[in-house]
Q: 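The structure under discussion is supplied below as structure tokens; questions concerning it will follow.
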Amino acid sequence: METYAIALSYAIPGFILLILIEYFVSRLKGIPVNEAMDTISSLSSGITDSLRSLTGLAIIIISYDWLVDKMALIEIKSSVLVYFLTFIGLDFVGYWSHRFNHTINLLWNRHIIHHSSEEFNLACALRQSVSAIISIYFFLYIPLALLGIPAEVVALIAPIHLFAQFWYHTRLVNKMGILEHILVTPSHHRVHHAINDEYLDKNYSQIFIFWDKLFGTFQEEIPEKPPVYGVKKPVNTWNPFLINFMHAWGILKDAWRTKNWWDKIRIWYMPTGWRPDDVKEKYPIHIITDPYTREKYKTESSLSLKLWSWIQLTATLVLMYYLLISFGDLEFIQIVKYAIFLAISIFAYTSLMDRHIISIYAEVIKVGIGLFLITTENGWFGIDSLLNGATYTIIAYLIISLAFTIYFQFIERKYIPQTTQEIV
């Protein structure tokens, strides 16, 4: 985990820099690709996924170490060829796990967060799931294990393979010539994120596009059919925690409500979006049928609330970064407590972005936990040794954060104009 924390401490500034470059280029080109609340939600989602990884919140049914130990037919020594085969193998795993997530009802809950943005930009690439706690795709690693690919090689290549999927989440890059036949390009991935009927469930590949062409799921981007992004059943929230579990909650409610016992069982593994007939009739839900008339999710967002939301995101990123650089000096229980505080903080300010009253309760809990941690840790996890008086700054932040949440929920909202200003 410490190695992963170090990797993140380098990757996060890189991601933010690229997102800023994309924003400024989009302004120069006159192609708006960012909306303030959506971008904040995306970056916040990326933090929640990092917290899950750092706390080891995962249940591994069968580890790759066990697979390679029990199933390897040959023993391969580390070489350039081994790293290349590992990259190809992980891309094969990525294609099929991605395809399963899209086509099986319950498994869609593991992936809906990534498609929930109604924009398409580099920030939305960071929308990663915290609900995929159980590692269920161990069987896809069997080919790698049979070849005797060492576990340490897989552990090294896996984050590289993951980070390499970041760059093509953009609308600013058009067709890329010969690379369109080899790699997943922005054009290919725009198709994948679209809800147009022509584009649904296409282009599952992660690095090499030939998997889609081989398994019959490839679709070219059609100039006359501009992609419309999001999900067929809009999530209508900026809160990444709600998005992560809303599909599974919907399935659970449908399974409870249906009177057909067979439907109660099969709803979990039917194609994504399937619902029992009796539930569908009695409890209809809004599904987008015409993507070109879809209205994007918006909330009552004044200029001051947007600025405050950016401040909250910045404060969370700074605190997250301190966790990364201090990771090796903290005990596991300290890391868990720190992660819980950040998770509640994200839940609080994204709920405020939704203008939901629960933001008040979440903010009170956040302040309580924050002050408790400062008391029990004799300061904020040793931060004063790095920056004198930083703990007092955090205490002030907690108090100001609660005050502003109360202001936005109970005072400013009474006077918010019907037309709101936009800021990115």
Side-chain angles (χ1 to χ4, degrees), residues 33 35 37-38 41-42 45 97-121 123-125 127-132 169 171 187-205 212 216-222 224-255 257-258 263 266-299 354:
V33 299
E35 193 282 325
M37 295 308 207
D38 180 86
S41 178
S42 294
S45 177
S97 61
H98 196 181
R99 185 166 177 173
F100 289 143
N101 285 343
H102 271 262
T103 54
I104 298 175
N105 213 8
L106 178 60
L107 299 188
W108 175 239
N109 193 76
R110 301 167 65 93
H111 194 54
I112 185 175
I113 183 71
H114 186 65
H115 284 261
S116 58
S117 174
E118 294 174 335
E119 308 294 337
F120 186 73
N121 48 44
C124 86
R127 291 193 179 218
Q128 298 295 324
S129 177
V130 298
S131 62
H169 290 81
R171 291 170 52 201
S187 177
H188 296 327
H189 209 61
R190 287 194 290 269
V191 166
H192 177 70
H193 272 253
I195 59 173
N196 312 53
D197 289 339
E198 301 87 351
Y199 298 151
L200 281 179
D201 299 326
K202 301 294 184 182
N203 297 2
Y204 297 116
S205 296
D212 283 292
T217 51
F218 176 73
Q219 173 61 54
E220 195 83 32
E221 185 177 19
I222 305 169
E224 298 78 26
K225 300 283 184 178
V228 178
Y229 307 107
V231 288
K232 282 282 194 177
K233 179 186 174 184
V235 297
N236 291 337
T237 178
W238 304 123
N239 189 321
F241 291 100
L242 298 182
I243 300 171
N244 263 282
F245 296 98
M246 62 171 45
H247 184 70
W249 176 243
I251 295 176
L252 183 63
K253 288 193 295 183
D254 283 353
R257 289 165 171 169
T258 184
D263 286 346
R266 66 174 178 158
I267 188 175
W268 303 94
Y269 59 83
M270 288 295 281
T272 299
W274 184 88
R275 305 179 73 209
D277 289 337
D278 57 340
V279 174
K280 194 161 43 175
E281 181 179 348
K282 190 173 182 180
Y283 302 96
I285 58 177
H286 173 60
I287 301 293
I288 295 174
T289 55
D290 182 2
Y292 299 110
T293 59
R294 183 275 314 269
E295 291 187 13
K296 294 180 181 179
Y297 175 64
K298 287 190 176 182
T299 50
D354 281 334

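Keep in mind that the numbers below use all heavy atoms, side chains included, and drop hydrogens, waters and symmetry copies. Numbers here simply count residues along the sequence, with the first being 1.
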Q: Please determine whether the number of non-hydrogen atoms from other residues, nucleotides or ligands lying under 6.0 Å from atom CG of Asp290 exceeds 12.
A: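 Enclosed.
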Q: Over 60° means perpendicular and under 30° means parallel, so tell me whether His189 and His98 are parallel, tilted or perpendicular.
A: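 Judged by the thresholds at 30° and 60°, the geometry between His189 and His98 is tilted.
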Q: Taking Glu198's backbone N and O only, do any of them form a donor-acceptor pair with Asn196's side chain (distance below 3.5 Å, no angle check)?
A: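 No; judged by distance alone, with no hydrogens or angles, the pair does not exist.
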Q: Kindly compute the distance separating OG (Ser45) from CD1 (Ile243), expressed to the nearest 0.5 Å.
A: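 Here the rounded value is 7.0 Å.
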Q: I need the minimum non-hydrogen distance between Ala123 and Ser42, along with the two atoms involved.
A: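 Result for this residue pair: O-CB, 3.3 Å.
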Q: What pairs meet the side-chain hydrogen bond (donor to acceptor under 3.5 Å, both in side chains) rule with one or both residues in residues 237-253, with sequence neighbours excluded?
A: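 Listed by first then second residue: Asn105-His247, Ser129-Asn244, Thr237-Asp354, Trp238-Thr299, Asn239-Ser351.
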Q: In sequence, state the C-alpha distance, the side-chain angles, and the governing distance for Ile288 and Ile195, and then conclude on side chain to side chain contact (heavy atoms under 4.5 Å, CB included).
A: CA-CA 8 Å; Ile288 295 174; Ile195 59 173; 4.0 Å; yes
Q: Mind running salt bridge (charged side-chain N to carboxylate O under 4.0 Å, His left out) on Arg257 and Asp263 for me, showing each step along the way?
A: CA-CA 10 Å; Arg257 289 165 171 169; Asp263 286 346; over 6 Å; no
Q: Carefully, step by step, assess Leu252 and Trp268 under the rule side chain to side chain contact (heavy atoms under 4.5 Å, CB included).
A: CA-CA 9 Å; Leu252 183 63; Trp268 303 94; 3.9 Å; yes
Q: Identify, with sequence neighbours excluded, every residue that meets ring pair (Phe, Tyr, Trp, His ring centres under 6.0 Å) alongside Phe120.
A: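 Listed in chain order: His169, His193, Tyr229.
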Q: Can Ile267 and Trp274 be said to form a side chain to side chain contact (heavy atoms under 4.5 Å, CB included), step by step?
A: CA-CA 7 Å; Ile267 188 175; Trp274 184 88; 3.8 Å; yes
Q: If I compare all heavy atoms of Cys124 with all of Asn121, which pair ends up nearest, and what's the gap?
A: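 Shortest heavy-atom contact: N-OD1, 2.9 Å.
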Q: Under 30°, 30 to 60°, or over 60°: which ring-plane class applies to His111 and His192, parallel, tilted or perpendicular?
A: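 Correct class here is tilted.
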Q: For the pair Lys225 and Tyr292, evaluate side chain to side chain contact (heavy atoms under 4.5 Å, CB included) and give the outcome as yes or no after the intermediate values.
A: CA-CA 10 Å; Lys225 300 283 184 178; Tyr292 299 110; 3.7 Å; yes
Q: Distance from Arg275 atom CZ to Ile251 atom CD1, nearest 0.5 Å?
A: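 These two atoms lie 10.5 Å from each other.
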Q: With distance as the sole test, does Asn203 use its side chain to make a donor-acceptor pair with the main-chain N or O of Val191 at under 3.5 Å?
A: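 Pair absent, no side-chain N/O of Asn203 close to backbone of Val191.
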Q: What pair of heavy atoms forms the shortest contact from Val228 to Pro291, and how long is it?
A: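 Closest approach of Val228 to Pro291, heavy atoms only: CG1-O, 3.5 Å.
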Q: Taking Glu118 for its side chain and Tyr297 for its backbone only, find out whether a donor-acceptor pair lies under 3.5 Å.
A: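 Yes, Glu118 side chain to Tyr297 backbone: donor-acceptor pair under 3.5 Å.
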Q: Backbone N or O of Ser205 within a donor-acceptor pair of the Asp212 side chain at under 3.5 Å?
A: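 Yes; at least one donor-acceptor contact below 3.5 Å.
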Q: Going by salt bridge (Lys or Arg N to Asp or Glu O under 4.0 Å), Asp38 matches just one of Lys298, Arg127, Lys296. Which one?
A: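 Exactly one option meets the salt bridge (Lys or Arg N to Asp or Glu O under 4.0 Å) with Asp38, and it is Arg127.
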Q: How long is the span from the CG atom in Asn101 to the CD1 atom in Ile112, to the nearest 0.5 Å?
A: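 Going from the CG atom of Asn101 to the CD1 atom of Ile112 covers 11.5 Å.
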Q: To check you understand the geometry: which heavy-atom pair defines the closest contact between Ala248 and Leu106, and what is its length?
A: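 Shortest heavy-atom contact: CB-CD1, 4.4 Å.
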Q: Nearest 0.5 angstrom please: Ile104 CD1 to Asn109 CG, how far?
A: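 Reported value, rounded in 0.5 Å steps: 13.5 Å.
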Q: Roughly how far, to the nearest 0.5 Å, is NE2 of His286 from CG of Asn236?
A: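 Output value for this atom pair is 8.0 Å.
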Q: With rounding to the nearest 0.5 angstrom, report the NZ to CZ distance, Lys202 to Arg99.
A: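 Rounded to the nearest 0.5 Å, the NZ-CZ separation comes to 8.5 Å.
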Q: Could you check whether any side-chain N or O of Thr217 sits under 3.5 Å from a backbone N or O of Tyr204, counting only pairs where one atom can act as donor and the other as acceptor?
A: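 No; judged by distance alone, with no hydrogens or angles, the pair does not exist.
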Q: Has Lys233 got a side-chain atom pairing as donor or acceptor with Ile287's backbone, closer than 3.5 angstrom?
A: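 No, because the side chain of Lys233 does not come within donor-acceptor range (under 3.5 Å) of the backbone of Ile287.
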Q: Is any NZ, NE, NH1 or NH2 atom of the basic residue among Glu221 and Arg190 found under 4.0 Å from an Asp or Glu carboxylate oxygen of the other?
A: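 Looking at Glu221 and Arg190, the cut-off is met.
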